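One structure is given below, encoded as structure tokens.
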Amino acid sequence: MEKIEIIQKVLEKNKIKELNPVQKKALSLGLLDGENLIVASPTSSGKTILAELAGLNVVLNRKLKMIYLAPLVALAREKYEEFKQKYETLGIKVTISVGNFDSQDPFLEKFDWICLSNEKMDSLIRHKAPWIREIGLIVADEVHILNDFQRGPTLEILVTLLKNVCKKAQFLLLSATIKNAEVFGEWIGARVLKSSFRPTPLYFGIFLDNKIKMYGKTDYILTKELKPEEAIVENTLLMKKQIIFFLASRKNAEALAQRLSNFVFHFLTNEEIKELQKVAKKIKNVLSTPTEQCKKLATCVEKGVAFYHSGLLFEQRVLIEEAYKKGLIKVITSTTALSFGVNLPNFRAVVRDVKRYYPGFGSIFIPVLEVRQMFGRSGRPKYDSWGEGILIAKNYTELKELEEYYIKGELEEIESQITNESALRMHILSLISNEFFETEKDLLEFFKETFLGKTIKEITQIKDNIEKALFQLQKWEFIELENTKEEDNFKFVPTTLGKRISQLYIDPLTAYFFIEALKNLKEWNFIAFLSLLSKAIELKPLPNVSAKDISTIEETILQNEESFLLPIPDFFDEEYEEFLKEVKMALIFKSWIEEKSQKEIMETFNIAPGELHSRLEISDWLLYSIVEIGKIISIEENLLKEIKKLRVRMQYGIKEDLLDLIKLEGIGRVRARILFDAGIKSIKDLRKTSPESLSKILHSKTLAQKIRQQLNLN
DNA sequence: CTGCTCGACGTCTAGACAGCATGTC
DNA sequence: CTAGACGTCGAGCAG
């Protein structure tokens, strides 16, 4: 297909008349001629269209695949839906594969456009997916995530690796506005397109006293008597707009939401109040017994305000997003949870807390990049003719400071985080396991090809870290040094264990803990085992231990002293504090599998529902990994069975006696307990129960019918 | 005596990726 | 080594 036809198709599918300046520039830089490109421009500057243009080109003209990589599952999903809806009619086969989604890997072979999370692609490489050779275009979105301490290294290694593996592939890196885009260009041999183009302009402002000083626009004068947040909200609502506040902690977000809700309330119409009450009810009843947090959120939502952070349950997040998009919820107070993730259209964003606590550093200014990112989503092309990002100053000195740093200041450079110890040992194990590299020299060569390699002068700077990782991996027996025939030539080979751990995608240190502990595992003890589980790096940071927890925890430690699977740190040791947290987490898990309600767990341990949920999800994967490791180091069969049983109990939050009933579709922790209490204790008992009494117990005919169908009783 | 405000003091601190095999209330 | 907002609780004060 001719270039002009491709462009026309894309314009048509996006219902636009012509390309914007960024897109035109990308074409002139050779987007459709297979040129590698790094595009650094603001959110909503139409970068997705670039992926579509190049994607059509590569599929139609070169008969190769496009992979679209995103740092977030939600983002990958969003693009998948978008691509599918637009291009499936053209015969392009679009799919997605992220984590627990339904596509199987060999199955991806048949698809043209594949949306993936960075980590999923990384894992596919580890599993040596054969279709990787068919990739003609690699689109990596939000590549500024390279700067992220925890998740940046994955992307960096991934891109470096893809560069080696997919020699014939075109690279298209998409990023927010960044200072050192040129280095990216140098890194992958790409042309650089930097632009500040936005379809709707974004204005910055700083609040002080009763005024919002705007830059490039007339100032706003606000009501004097009100507190800053209230004054800004009033001004926004009078303009019939919505607003998002960004705060440093969950607590702050919740506190502000509560305060503002009593203010926003007065601006609502009767119609809105009615609708909001419906939403609030849904939010409150996500769990069978609402926790305090659920109630708090519902009360705020009734009054047109919502707080938003990772402690919320997934359904609640979705409900808030929907209600905000409909214009029902007027104000959201959020942690950074919202600055990534879904695209929530918005008019005005206020970053109230520009300082944040970093352990070991205290409270420090957050990066300019991050503030701009939070501002970035403001100004919806279809609804607003501009967007606003606002900071709050307490006095004139602070105003000047904020202005200097965030408004006029330059963005930070993106820095490689690849030297991160945990990331390094994980990726080095992976590289060796896949036999990409055999010697330390090879490995160092590879690291020269990374983004880091392009930014530092001497690779020796990270040589120590690499050597340390290699040393640890050897010590833990995940890799071995093998002497080849030729003299002076040693190569690293993975052990069976090492290979499996790399595939399981867990931190080698976690795996090491597990292995050492499994060796000591003789008798089954829940607290001991669950404390071990909580030692996993993947579950960190763990919820804090508060004063009221201490006595329970210490009692637990005392009672199980003999049973712990790894040495208990000395009381005066630094690690002791961490150990307390691990035991606390174990106690939380134990409450869960003893069928305590989420409300009760939250009240006893002060842990948000969403937090428990995400820990359980990770634990499921860790428990699977423990079983897999256990198989390799051949631990006793009955212990393996206990772990498997625990995994199911953790999944559903049930006591052991419900393990049988839970196997049925439509039966969870609550219904299984209802049946059990009614005297139906097993599937065998179920067979003997009449359909009438079954439907009576479960208060549902259809459910009883569904269960009987599964037992072939009809 | 009650109810309110103010301030000292103690407490607490963001986010969310992956394996694998099937389905909650 | 570093901060700062929130919540609780008690003191002080007005009515």
Side-chain angles (χ1 to χ4, degrees), chain A residues 70-76 97-102 104-105 116-124 126-127 145 148-155 246-256 258-259 285-289 308-311 314-315 334-341 352-366 370 394 423 426 500-507 538-539 541 543-548 606 610-611 613-615 617-618 620-625 627-628 647 651-653 662-672 674 698-700 703 710:
Chain A
L72 256 89
V73 169
L75 201 63
S97 174
V98 289
N100 54 4
F101 216 77
D102 44 15
Q104 296 139 15
D105 311 344
L116 303 149
S117 61
N118 296 333
E119 282 77 6
K120 182 68 190 188
M121 187 67 220
D122 188 32
S123 126
L124 287 172
R126 291 177 190 220
H127 285 87
I145 198 173
D148 185 281
F149 183 73
Q150 286 166 36
R151 304 194 35 221
T154 309
L155 178 66
F246 287 100
L247 302 110
S249 74
R250 294 178 188 182
K251 222 173 189 176
N252 292 1
E254 290 187 18
L256 184 62
Q258 283 185 304
R259 212 182 82 202
N285 295 322
V286 162
L287 295 171
S288 48
T289 42
Y308 188 106
H309 56 64
S310 72
F314 183 74
E315 290 98 314
S334 174
T335 58
T336 47
L338 212 56
S339 65
F340 313 105
R352 194 194 72 178
D353 304 342
V354 286
K355 280 184 173 181
R356 195 183 301 146
Y357 178 82
Y358 291 89
F361 293 95
S363 188
I364 54 172
F365 281 112
I366 58 175
E370 215 175 293
K394 287 190 195 66
M426 224 169 142
R500 190 73 187 115
I501 285 157
S502 159
Q503 284 182 346
L504 289 170
Y505 219 94
I506 57 176
D507 189 317
E538 286 77 0
L539 288 172
N544 267 347
V545 172
S546 61
K548 71 179 169 87
N606 193 26
E611 259 178 308
H613 193 264
S614 71
R615 293 297 182 340
E617 223 167 69
I618 298 167
D620 186 49
W621 154 50
L622 290 171
L623 284 166
Y624 174 82
S625 301
V627 172
E628 290 301 299
R647 186 172 168 219
Q651 273 173 4
Y652 295 97
I662 210 85
K663 287 176 192 153
L664 290 165
E665 196 178 325
I667 303 290
R669 76 187 303 217
V670 175
R671 285 171 181 165
I674 292 171
L698 292 169
H699 304 291
S700 161
L703 189 61
Q710 289 177 64

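Each chain gets a letter, A, B and so on, in the order its sequence line appears, and its residues count up from 1. Here the structure is a predicted model, which is why all the values come from computation and not from measurement.
Rounding to the nearest 0.5 Å gives a distance of 9.0 Å between NE2 of H613(A) and CG of L287(A). Rounding to the nearest 0.5 Å places OG of S334(A) at 11.0 Å from CG of L256(A).
Comparing dG15(B), dT2(C), dC20(B) by their closest approach to the side chain of F361(A) singles out dT2(C). Side-chain atoms of R250(A) lie closest to dG15(B) of the nucleotides dC20(B), dA18(B), dG15(B). Which of dA5(C), dG19(B), dG15(B) sits closest to the side chain of N252(A) comes down to dA5(C).
Residue contacts shown for Y652(A) are limited to sugar-phosphate atoms, with no base heavy atom under 4.0 Å away. Note on R669(A): only backbone sugar-phosphate atoms sit closer than 4.0 angstrom, heavy atoms only; bases stay farther off. Contact annotation for E628(A): no contact, since no heavy-atom pair falls under 4.0 Å across all strands. No engagement by S614(A) is indicated, since no non-hydrogen atom pair under 4.0 Å with the nucleic acid exists. Within the nucleic acid shown, H613(A) has no heavy atom closer than 4.0 Å to any nucleic acid atom. Using a 4.0 Å heavy-atom distance criterion, D620(A) is classed as a base contact. Among the protein residues, I506(A) comes within range of no part of the nucleic acid, since none of its heavy atoms lies under 4.0 Å from any strand. Residue contacts shown for S625(A) are absent, as no nucleic acid heavy atom lies under 4.0 Å away. Across all strands shown, K394(A) has heavy atoms under 4.0 Å from sugar-phosphate atoms exclusively, and none from any base.
Across all strands shown, dC1(C) remains unpaired; no Watson-Crick or G-U wobble contact has both distances below 3.5 Å. Under the Watson-Crick and G-U wobble criteria, each requiring two contacts below 3.5 Å, nucleotide dA14(C) is paired to dT2(B). Taking a pair to require two hydrogen-bonding distances under 3.5 Å in either a Watson-Crick or a G-U wobble arrangement, dC17(B) remains unpaired.
Within the structure, every side-chain polar atom (N or O) of R647(A) is placed at least 4.0 Å from both OP1 and OP2 of dC20(B). Checking the phosphate oxygens (OP1, OP2) of dA18(B), no side-chain nitrogen or oxygen of T154(A) falls inside 4.0 Å. In this structure, Y357(A) does not reach the dA14(B) phosphate: none of its side-chain N or O atoms is under 4.0 Å from OP1 or OP2. One finds a side-chain N or O of N544(A) lying less than 4.0 angstrom from the OP1 or OP2 phosphate oxygen of dT13(B). Contact between the side-chain N/O atoms of H127(A) and the OP1/OP2 oxygens of dC20(B) is found at a separation under 4.0 Å. Close to dG19(B), at under 4.0 Å from its OP1 or OP2, lies a side-chain N or O of S123(A). At dA3(C), none of the side-chain N or O atoms of K355(A) fall inside 4.0 Å of OP1 or OP2 (strictly under the cut-off).
Residue-to-nucleotide proximity on DNA chain B shows that, of L664(A) and E370(A), the 5′-proximal contact is made by E370(A). Comparing V670(A) and S117(A) along DNA chain B, the residue whose closest nucleotide (by nearest heavy atom) sits nearer the 5' end is S117(A).
At a cut-off of 3.5 angstrom, counting only N and O atoms as typed in the model, there is a donor on one side and an acceptor on the other between the side-chain of D148(A) and the base of dG15(B). No N or O donor and acceptor, one from the side chain of T335(A) and one from the base of dA14(B), sit under 3.5 Å apart.
Remark: P of dG15(B) and CD1 of I145(A) are 15 Å apart, rounded to the nearest angstrom.
R500(A) and S625(A) share no side-chain donor-acceptor pair at under 3.5 Å.
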